[in-house]
K.L.:
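Questions regarding the structure given below will be posed in turn.
Just so you know, ligand 1 is whichever comes first in the structure, and atom 1 is the first atom listed for that ligand. Residues: numbered from 1 along the sequence shown.
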Amino acid sequence: MPLQAPFLPLALSSLWLRRKNAEGKRVVDGTASDEYAHMKETENQNGKPKPAVHLFEYEDGPWPCSVSIVPHLHDVAEAVADYIARISEESIKARGYFSIVLSGGSLVKALSALVKEPHASKLNWSKWFVFWADERMVPISHADSNYNDAKHEFLSKVPIPDDNLVTIDDWDVCSAAANGYEARLKEMVKRKILHTTNVNHHKFPRFDLVLLGIGPDGHVASLFPNSLQLAETKKWVVPITKSPKPPSRRISLSLPCINGAAHVAIVVVGSSKAEVLQRVFERPALPGALPAQLVRPRHGELAWFVDKQAAGRLSIEHYNDPKKFPFLDWSSLKEAKESTGNQI
Ligand SMILES: O=C(O)[C@H](O)[C@@H](O)[C@H](O)[C@H](O)COP(=O)(O)O
């Protein structure tokens with residue numbers, strides 16, 4: 001089954017980036033070929049050939065999701081806050097905790113309505129556990145740090161205990177930071193704060209909610225178009241040493257880790273996202289070209305929150321023509337339209 005073969009030259013040719021750490025010691029960073037050795041496996045544990053899967057674990061067929069299109073950023077913020085509040089309440093009732101994963105970029109601005117009433121005093125903040133979908137390899141006090149941004153915009157305004165912020169504290173060597181964060185997540189599983197689920201026969205955490213933004217190139221978290229990391233099938237957290245968006249060194253939850261979540265919400269705001277949203281929704285591109293198209297929770301729900309500017313290029317009026325748009329599961333979108341005036 002030759003599907004994995006393209007990774008071999010890629011992995012072998014990947015250069016080790018040698019640099020000095022803060023103490024001037026030589027450190028090795030990069031995507032080592034043996035780190036990705038498991039991707040070359042062609043047999044499962046019983047020695048039988050693995051079933052053919054798409055290179056990027058992409059599933060053909062309908063794409064069930066709900067899409068809310070609202071006029072402005074503040075309407076998106078309110079819709080997202082209502083959504084988060086509902087999932088927080090349900091999760092705490094069912095398991096005693098709420099695990100929420102944040103991304104960087106403009107996403108944290110969409111959390112502004114959570115710090116106001118009616119949510120601020122109603123939410124059970126002490127039961128929240130906050131994780132990061134991705135982080136840049138900078139100290140957490142640095143302006144580029146996703147944690148720092150979230151702290152400034154949101155976390156400093158709500159009473160979530162500091163111990164419940166599961167930050168990525170290691171910013172020296174990407175692969176060590178990725179392994180360290182994965183170990184922290186596994187510790188949360190041991191403490192029963194996170195449950196697990198199977199995604200394509202491998203165990204991944206089942207976050208209650210993963211919040212993602214989308215880059216103009218279609219990236220989500222720090223999973224960039226056509227990158228080797230997109231094909232990760234086992235690791236929970238992957239290192240990125242050559243991100244096309246600065247800073248170049250980052251770590252990110254892997255795609256199956258995101259797809260193991262009970263809920264994933266993607267927030268898309270502003271005219272700069274109109275082109276990519278149209279490509280993601282309406283163009284059946286090669287999946288690695290648009291990582292956002294690979295976000296398909298296996299046993300969970302996917303919800304899009306979009307403002308009018310970002311939705312500006314969508315041909316919604318033709319969406320009920322399955323010949324033109326076989327790509328999304330429009331039946332679930334119609335149901336959404338019937339249940340609330342704000343949804344298509
Ligand atoms: O570190 C990052 O770059 C972010 O985590 C990234 O995943 C972000 O969410 C998207 O790039 C969208 O960012 P904008 O909304 O700012 O374009």
K.L.:
Note every protein N or O atom lying under 3.5 Å from an N or O atom of ligand 1, pairing the names and giving the distance.
P.N.:
| unit_1 | atom_1 | unit_2 | atom_2 | d |
| --- | --- | --- | --- | --- |
| ligand 1 | 1 (O) | Asp134 | OD2 | 3.0 |
| ligand 1 | 1 (O) | Arg136 | NE | 2.7 |
| ligand 1 | 1 (O) | Arg136 | NH2 | 3.0 |
| ligand 1 | 1 (O) | Asn146 | ND2 | 3.3 |
| ligand 1 | 1 (O) | Arg250 | NH1 | 3.0 |
| ligand 1 | 3 (O) | Arg136 | NH2 | 3.1 |
| ligand 1 | 3 (O) | Lys245 | NZ | 2.8 |
| ligand 1 | 3 (O) | Arg250 | NH1 | 3.3 |
| ligand 1 | 5 (O) | Gly104 | N | 2.8 |
| ligand 1 | 5 (O) | Asp134 | OD1 | 2.8 |
| ligand 1 | 5 (O) | Asp134 | OD2 | 2.8 |
| ligand 1 | 7 (O) | Ala221 | N | 3.4 |
| ligand 1 | 7 (O) | Ala221 | O | 2.6 |
| ligand 1 | 9 (O) | Gly104 | O | 3.1 |
| ligand 1 | 11 (O) | His219 | NE2 | 2.6 |
| ligand 1 | 11 (O) | Lys245 | NZ | 2.8 |
| ligand 1 | 15 (O) | Ser106 | N | 3.3 |
| ligand 1 | 15 (O) | Ser106 | OG | 2.3 |
| ligand 1 | 15 (O) | Lys273 | NZ | 2.9 |
| ligand 1 | 16 (O) | Ser106 | N | 2.9 |
| ligand 1 | 17 (O) | Lys273 | NZ | 2.9 |

K.L.:
Check residues 97-111 and write down every donor-acceptor pair under 3.5 Å in which the side-chain atom is one partner and the other belongs to a residue at least two apart or another chain.
P.N.:
| unit_1 | atom_1 | unit_2 | atom_2 | d |
| --- | --- | --- | --- | --- |
| Ser99 | OG | Asp208 | N | 2.9 |
| Ser99 | OG | Asp208 | OD2 | 3.1 |
| Ser103 | OG | Leu211 | O | 2.8 |

K.L.:
Among residues at least two apart in sequence or on other chains, which ones pass ring-ring contact (aromatic ring centres under 6.0 Å, His included) with His142?
P.N.:
none
K.L.:
Which of parallel (below 30°), tilted (30 to 60°) and perpendicular (above 60°) describes His202 and Phe204?
P.N.:
perpendicular
K.L.:
Determine whether Arg249 and Thr241 satisfy the following criterion, side chain to side chain donor-acceptor pair (under 3.5 Å), listing intermediate values before the conclusion.
P.N.:
CA-CA 4 Å; Arg249 300 170 57 251; Thr241 55; over 6 Å; no
K.L.:
Check side-chain hydrogen bond (donor to acceptor under 3.5 Å, both in side chains) between Lys186 and all other residues, then give those that pass, not counting sequence neighbours.
P.N.:
Glu182
K.L.:
Can the ring centroids of Phe281 and Trp304 be said to lie less than 6.0 angstrom from one another?
P.N.:
yes
